[in-house]
2 protein chains.
Amino acid sequence: MAADDVVWPDELFTDLDRTGPVPLYFQVSSRLEAAIRSGEIPPGARLENEIAIGHRLGLSRPTVRRAIQELVDKGLLVRRRGIGTQVVQGQVTRQVELTSLYEDLQSSHQEPGTKVLAHEMRPAAEDVAQALGVAPGTDVVYLRRQRSTDGVPVALLENYLPPEFSDITTEQLEARGLYQILRARGVTIRIANQKIGARRAHGDEGELLDIDRTGPVLTMERVAFDGSGRAIEFGHHCYRPDMYKFETTLVAK
Amino acid sequence: MAADDVVWPDELFTDLDRTGPVPLYFQVSSRLEAAIRSGEIPPGARLENEIAIGHRLGLSRPTVRRAIQELVDKGLLVRRRGIGTQVVQGQVTRQVELTSLYEDLQSSHQEPGTKVLAHEMRPAAEDVAQALGVAPGTDVVYLRRQRSTDGVPVALLENYLPPEFSDITTEQLEARGLYQILRARGVTIRIANQKIGARRAHGDEGELLDIDRTGPVLTMERVAFDGSGRAIEFGHHCYRPDMYKFETTLVAK
DNA sequence: TAGTGGTCTAGACCACAGG
DNA sequence: CTGTGGTCTAGACCACTAG
């Protein structure tokens with residue numbers, strides 16, 4: 001037992017708020033995550049056992065356990081029966097949840113820009129109709145946008161939405177991300193199926209992405225559903241491969 | 001309330017095994033998953049509430065809740081406070097899991113084949129050394145394999161492993177997937193970081209994948225860790241874009 | 001043998017959605 | 001108002017790991 005011994009700076013966990021709306025397990029897990037990401041709790045460090053932590057914080061074991069499980073799911077902690085709980089070694093800790101639903105918008109540490117190339121109603125082709133769960137030929141909203149960061153084009157986004165979203169304006173689309181607009185209307189995306197692939201650019205894609213006319217592009221096709229399972233959005237996007245990659249942290253269960 | 005009313009075929013949940021090693025929540029969730037995937041419980045169906053299910057199965061609410069949570073995490077069920085739990089509408093694909101390409105092909109009933117193009121010890125370059133957590137110049141295992149399905153090349157797999165795996169044989173590599181070999185040695189991959197991108201084929205890649213010499217390829221870079229956080233594998237793979245795509249189901253939290 | 005996480009119980013109160 | 005899931009408690013027994 002050397003550097004990877006028990007570390008527990010309990011000053012971090014003194015004032016838990018039992019009256020507010022924030023769950024206790026979340027307060028614990030988020031503070032613990034901050035302490036790990038800042039290096040205050042170093043890689044390889046062993047945590048105290050769950051019961052001891054619970055006693056120290058005045059929490060029951062299931063509550064402590066849930067807080068720890070949150071970080072295990074994020075890949076920050078590893079639990080082994082008979083051993084204990086350890087901070088993962090190495091600079092793992094990537095913030096990205098799988099490949100994100102929100103990433104298109106929240107990678108906005110840079111200056112994201114949107115240029116609307118097309119915005120119209122259009123009868124749904126076979127594949128679009130099936131994805132959205134409408135009859136073929138139904139008029140649906142068609143969007144084509146060019147997304148850029150700091151003035152450099154990054155992606156071409158083609159989307160189809162059910163007709164009830166026909167009142168979305170071009171101005172809204174240029175100012176915000178699609179999912180932000182949907183959420184402001186009370187529509188929350190809960191589940192999405194997506195396929196990631198690659199192909200040659202064709203048509204005007206190379207020009208719009210400022211790459212070779214037939215150069216390689218990274219593609220993503222996605223169908224997104226709201227909480228009730230209704231299809232909200234079908235999209236086919238292509239990305240500049242030198243500007244964008246899908247990053248993922250996978251945790252085995 | 002019509003077709004999406006409560007459905008609960010309780011014949012499925014009669015003989016829970018309380019003595020064996022399989023957790024009760026897992027028995028419940030796996031049977032429920034099978035019933036959903038088979039269509040026996042149709043999309044949109046509402047489940048009974050958690051307490052009623054627990055009473056029916058002779059289980060406590062937390063146990064039932066955990067079983068349901070497993071399927072919520074997989075994107076098969078949706079829970080809404082005040083409403084209930086529903087089977088998701090629309091098709092559901094499998095979640096990206098921590099498997100090797102070999103296992104992916106096996107589970108999709110194709111015949112995977114492996115040709116070992118290179119298998120040697122090699123001093124670790126800067127990026128390899130950092131990924132594996134060894135000193136630059138350390139001899140590590142280098143693998144280059146051509147993976148095919150039904151005789152058609154699908155991917156080129158380049159991998160680096162720590163020196164302790166130098167006794168893996170070429171015969172093993174041609175007969176099984178890398179992760180299967182590692183697991184048979186008691187090494188289990190727990191966490192992996194991966195980046196998915198695209199680029200042109202270069203060198204002999206086009207020829208080995210039987211595509212255009214500079215055609216587009218789908219790429220995946222991965223660092224995988226075991227339960228103790230030690231880096232086990234660093235890989236850089238490229239895939240034939242017409243033969244392979246990454247499919248994902250994402251669930252918002 | 002002692003300590004750990006893995007599982008499970010039988011209650012409780014709350015926030016939110018619906019009629 | 002009732003019913004739902006969201007959270008929390010205070011115990012319990014077990015399987016696995018280490019020394």
Side-chain angles (χ1 to χ4, degrees), chain A residues 1 4-6 8 16-30 45-73 77-88 186 188 190 226-228 251-253, chain B residues 1 4-6 8 16-30 45-73 77-88 186 188 190 226-228 251-253:
Chain A
M1 305 191 188
D4 57 342
D5 216 343
V6 174
W8 193 258
L16 293 174
D17 178 12
R18 299 187 95 96
T19 67
V22 182
L24 292 170
Y25 76 87
F26 188 82
Q27 295 181 47
V28 173
S29 71
S30 55
R46 280 213 326 273
L47 265 54
E48 281 185 301
N49 72 66
E50 298 168 343
I51 296 177
I53 293 174
H55 186 262
R56 186 186 292 266
L57 301 182
L59 296 174
S60 69
R61 185 183 168 199
T63 301
V64 173
R65 198 173 158 73
R66 176 157 184 186
I68 291 176
Q69 187 61 45
E70 294 275 316
L71 301 188
V72 170
D73 290 342
L77 294 176
V78 175
R79 281 201 282 219
R80 283 182 291 175
R81 168 151 49 179
I83 305 286
T85 304
Q86 275 185 315
V87 178
V88 161
T188 306
R190 284 273 178 83
D226 71 359
S228 68
V251 181
K253 295 182 177 174
Chain B
M1 304 188 189
D4 57 343
D5 214 342
V6 175
W8 191 259
L16 294 174
D17 177 12
R18 299 186 95 96
T19 66
V22 183
L24 292 169
Y25 77 86
F26 188 83
Q27 294 181 46
V28 173
S29 71
S30 54
R46 277 214 328 275
L47 264 54
E48 282 185 299
N49 72 66
E50 297 169 345
I51 295 176
I53 292 174
H55 186 262
R56 186 187 292 266
L57 301 182
L59 297 174
S60 69
R61 186 186 169 200
T63 302
V64 172
R65 198 174 158 73
R66 175 155 183 189
I68 290 175
Q69 187 61 46
E70 295 276 316
L71 301 188
V72 170
D73 290 341
L77 293 176
V78 175
R79 279 201 282 217
R80 281 180 291 175
R81 170 152 48 180
I83 305 286
T85 304
Q86 276 186 314
V87 178
V88 158
T188 306
R190 283 271 178 83
D226 72 359
S228 69
V251 181
K253 297 184 177 179

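Below, chain A is the first sequence line, B the second, and so on; all start at residue 1. This one's a predicted model, so the numbers in the text were calculated from it and none came from an experiment.
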Item to complete: Could you check how far CZ of B/R46 sits from P of C/dG18, rounded to whole Å?
Response: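 These atoms are roughly 12 Å apart.
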Worksheet item: Within this structure, what is the CD-to-C1' distance between B/E48 and D/dG5, rounded to whole angstrom?
Response: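 That distance rounds to 15 Å.
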Could you tell me which residues satisfy side chain to side chain donor-acceptor pair (under 3.5 Å) with [X], sequence neighbours excluded, listed by chain and number?
X	answer
A/N49	none
A/R80	A/Q86
B/T85	none
A/R79	A/E50, A/Q69

Discussion item. Under 4.0 Å, heavy atoms only, any strand: does B/L24 hit a base, just the sugar-phosphate, or nothing?
Written reply: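 Contact class for B/L24: sugar-phosphate only.
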Worksheet item: Which part of the nucleic acid, if any, lies within reach of B/R65 when heavy atoms closer than 4.0 Å are counted: base, sugar-phosphate only, or nothing?
Response: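 Counting heavy atoms under 4.0 Å across all strands, the contact made by B/R65 includes a base.
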Are [X] and [N] close enough that a side-chain N or O sits under 4.0 Å from OP1 or OP2?
X	N	result
A/R79	C/dG6	yes
B/R18	C/dT9	yes
A/N49	C/dG3	no
B/T85	D/dT4	no
B/Y25	C/dC8	no
B/R66	C/dT7	yes

Fill in: Whichever of A/V64 and B/I68 has its nearest DNA chain D nucleotide further upstream toward 5'
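Nearest nucleotide further toward 5': that of B/I68.
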Practice prompt. Five pairs at each end of the helix from C/dT1-D/dA18 to C/dG18-D/dC1: take the axis at both ends and give me the angle between them to 10°.
Written response: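 Angle reported: 10°, given to the nearest ten degrees.
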Restricting both atoms to N or O, compile the protein contacts to nucleotides 10-17 of chain C shorter than 3.5 Å, with distance only.
| unit_1 | atom_1 | unit_2 | atom_2 | d |
| --- | --- | --- | --- | --- |
| C/dA12 | N6 | B/R61 | NH1 | 3.1 |

Fill in: Pairing residues for B/R66 by the side chain to side chain contact (heavy atoms under 4.5 Å, CB included) criterion, not counting sequence neighbours
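In terms of side chain to side chain contact (heavy atoms under 4.5 Å, CB included), with neighbours along the sequence ignored, B/R66 is linked to B/Y25, B/E70.
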